[in-house]
Amino acid sequence: MNIWIISIQNIKSKPLYTFLSVFILSISIALLLGIQQLKRSFENQIENNLGKIDVVVGAKGSPLQLVLASVLHLDNPTGNISYNEALKISKNPLIKFAVPISYGDNYKGFRIVGTTPEYIALYDGELEKGHPVENAMEVILGNSVARKLNLKIGDTLLSSHGLVENSIEEHDDLLIVVGILKPTQKVIDRLIVTNLESVWYVHDHGGEVNYERHDDNKRHGEKEITSLLINFKSPRGLLPFLRRINKRTNMQASLPKYELHKLYENTSIGFKTISLIAYLILVISCITIFISLYKMVKERAFDLAILRTYGASNFQLMKMVFYEGLIVAFSSFLLGFLLLKIGLGFMFHFMEYNDQQNMLQESLFQDVLQIGALILMMVIVSVSLAIYPIIKMNISTILSNEK
Amino acid sequence: MAYSSLNKRVVFIKFRMIQTENLTYQYKKRGAILSFPNIALEKGKNLLILGESGIGKTTLLHLLAGLLKPVTGNVFIDNTDLNALKSNKLDKFRGKNIGLVFQKKHAIVSLNVFNNLKARLLFSNALVHNKKIEIVLKQLGLSELKKNKISELSEGQLQRLGIALSVIHNPKVLLADEPTSSLDDKNCKIVIKLLKNQAKQTNANLIVITHDHRIKSFFQNSITL
């Protein structure tokens, strides 16, 4: 027998209030954690996809579009640039490594990216099965691609022109799967990676050419790529490099981190609003806990007075009420966490299916701790307020009024 | 007794378990002053205090239990001056040495019969001894009801539970406030006999404060307020 047991019995004796408090508090905890996690997941997703890319060089146009197209693979490219020009830029001594990428085709909606082996290293990708691309027309698949399309090593695929799924503009040349990557939770999971030669080959011999840039490609007989992803040795060389490219060439250089940061600034209002609502719910749930504890103290004034005649000190009674608040808070936390896992599980399942995105599902310990501390603080405040009548309690008066 | 100022008194009150001196109490600053006769009770003796309603019976009981501080005068229980104890020490002293029986409500509603007795022992810092609880429950005819909720007990059963709660920790003094006034004649007799028995078994002093004249014949010593 100890004070915990008495607190638990007290809670059990008022199931409706307890249920209400736990219910509302757990919902606000789930919401708060969920929003934090979605936000982190979103940021993490993008941050991850940046990999080691400091600068993207591509055709002139919108810098954000260049980043979205060449880094996140979400948009159409701004155009093509000359492979020779790109090679020249890559020789800059400040550059650690530069990866050319070229794309324009898809297989069942998944982009086919022609590049060098360093591309996979940009995302710390590793092969799960098979071997790296050695010859033209060999491809390795991102993990999601292999999983969703149920492709194995040795399977062949016909690419279609453009970046969206279509069966009308199929090329004739067969691509063969030689490797499958391990999951990375990065953009490479939903890409089909091959070498630059494959892309050039398909388009040189591929017959119909619809895109203007392909006309250019053919007309000049010069090799082209879509963009160049660059990793710098140190950030010091970045700005002069950027200025030179943007001023002196017909290409543009864009900073993915900067562009995406600008994008967040404008889109984070949604997160902020939902967070605010979640905090409001949290405040309301703490008020509910306060009311239920306060009511308990008021209604049970006689019980508490009797406990005092049993020899309980004020401090022990406060402990009893505090434990009750703590039990409610703790069970709400567990339930909230459970709700969150179930809710996010559904949501991510749904999103992954639709957007071919792999999202971060683990809650960050830091977030959980932060919200846990917040809840604890709110409970301490509401319990302290509820305890006040105990301190003020006049046992004699309460006992005399009993009759 | 650690209080050196009390040393002289110790000799004086050596044989008294309960002793009061010139007790007065005043509820409001300009209200009437209630003054009470001195009480001196040797160990093992019982006392009936009779008085009509509103005369300050409960006030006297609360003064004896240290629930109220007198305006003047002192209460000594087992040679301890209640006035000299700080609130926390007083709580503990009361929990250990005094058993209180009330008129109607006795127990904590969220706990069952058995757990109420456990809580009683817990807070009086006594050993929580299940066997002891069983014995007391048996003596008071409550063994069958030990798992019951408080709300499931009848008035007579509640009163018996009240007695169990007030004696379970072997107090030195048993104070009962109108323990019989809401009971019928039969239960009144049972309760008062049980109270006396329990007091005798634990060698405690029993003080009953009541306006119920039915129980006068059960006590040798009585005073009227």
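Naming: A, B, ... by sequence-line order, numbering from 1 per chain. Computed from heavy atoms alone, side chains included, the values below leave out hydrogens, waters and symmetry copies.
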Report task. Look up atom OG1 in Thr309(A) and atom CZ in Phe102(B), then write down how far apart they are to the nearest 0.5 Å. Result -> 4.5 Å
Report summary line: Of Leu67(B), Asn88(B), Ile108(B), Leu61(B), the largest count of non-hydrogen pairs under 4.5 angstrom with chain A goes to Ile108(B)
**Report entry** Residue Lys69(B) excluded, over 12 heavy atoms near NZ under 6.0 Å
**Finding:** yes
Query - NZ/Lys189(B): more than 12 non-hydrogen atoms of other groups inside 6.0 Å - result: no
Requested in this report: Let me know which of Asn112(B), Val109(B), Leu111(B) forms a side chain to side chain contact (heavy atoms under 4.5 Å, CB included) with Gln9(A).
Outcome: Leu111(B)
Query raised in the report: Side-chain contact, heavy-atom cut-off 4.5 Å: Leu122(B) with Ile6(A)?
Result: yes
**Report entry** Whether over 12 other heavy atoms sit under 6.0 Å from Glu144(B) CD
**Finding:** no
Report summary line: For Phe123(B) and Ala312(A), the nearest pair of non-hydrogen atoms, with its separation, is CD2-CB, 3.3 Å
Query raised in the report: Which one, Ile11(A), Asp303(A), Asn394(A), Asn10(A), leads in non-hydrogen pairs under 4.5 Å with chain B?
Result: Asp303(A)
Report summary line: Separation between CG (Asn115(B)) and CD1 (Ile5(A)), nearest 0.5 Å, reads 7.5 Å
Query raised in the report: Who passes ring pair (Phe, Tyr, Trp, His ring centres under 6.0 Å) against Tyr279(A), sequence neighbours left out?
Result: none
Report summary line: Max heavy-atom pairs within cutoff under 4.5 Å with chain B, candidates Ser396(A), Ala305(A), Ser313(A), goes to Ser396(A)
Report summary line: Ordered numerically, the heavy-atom neighbours of chain A under 4.5 Å found in residues 90-98 of chain B are Asp91(B), Lys92(B), Arg94(B), Gly95(B)
Query raised in the report: Considering residues, nucleotides and ligands other than Phe330(A), do more than 12 of their heavy atoms fall under 6.0 Å from its CZ?
Result: no
Query raised in the report: Is atom OH of Tyr27(B) surrounded by more than 12 heavy atoms (other residues, nucleotides or ligands) closer than 6.0 Å?
Result: yes
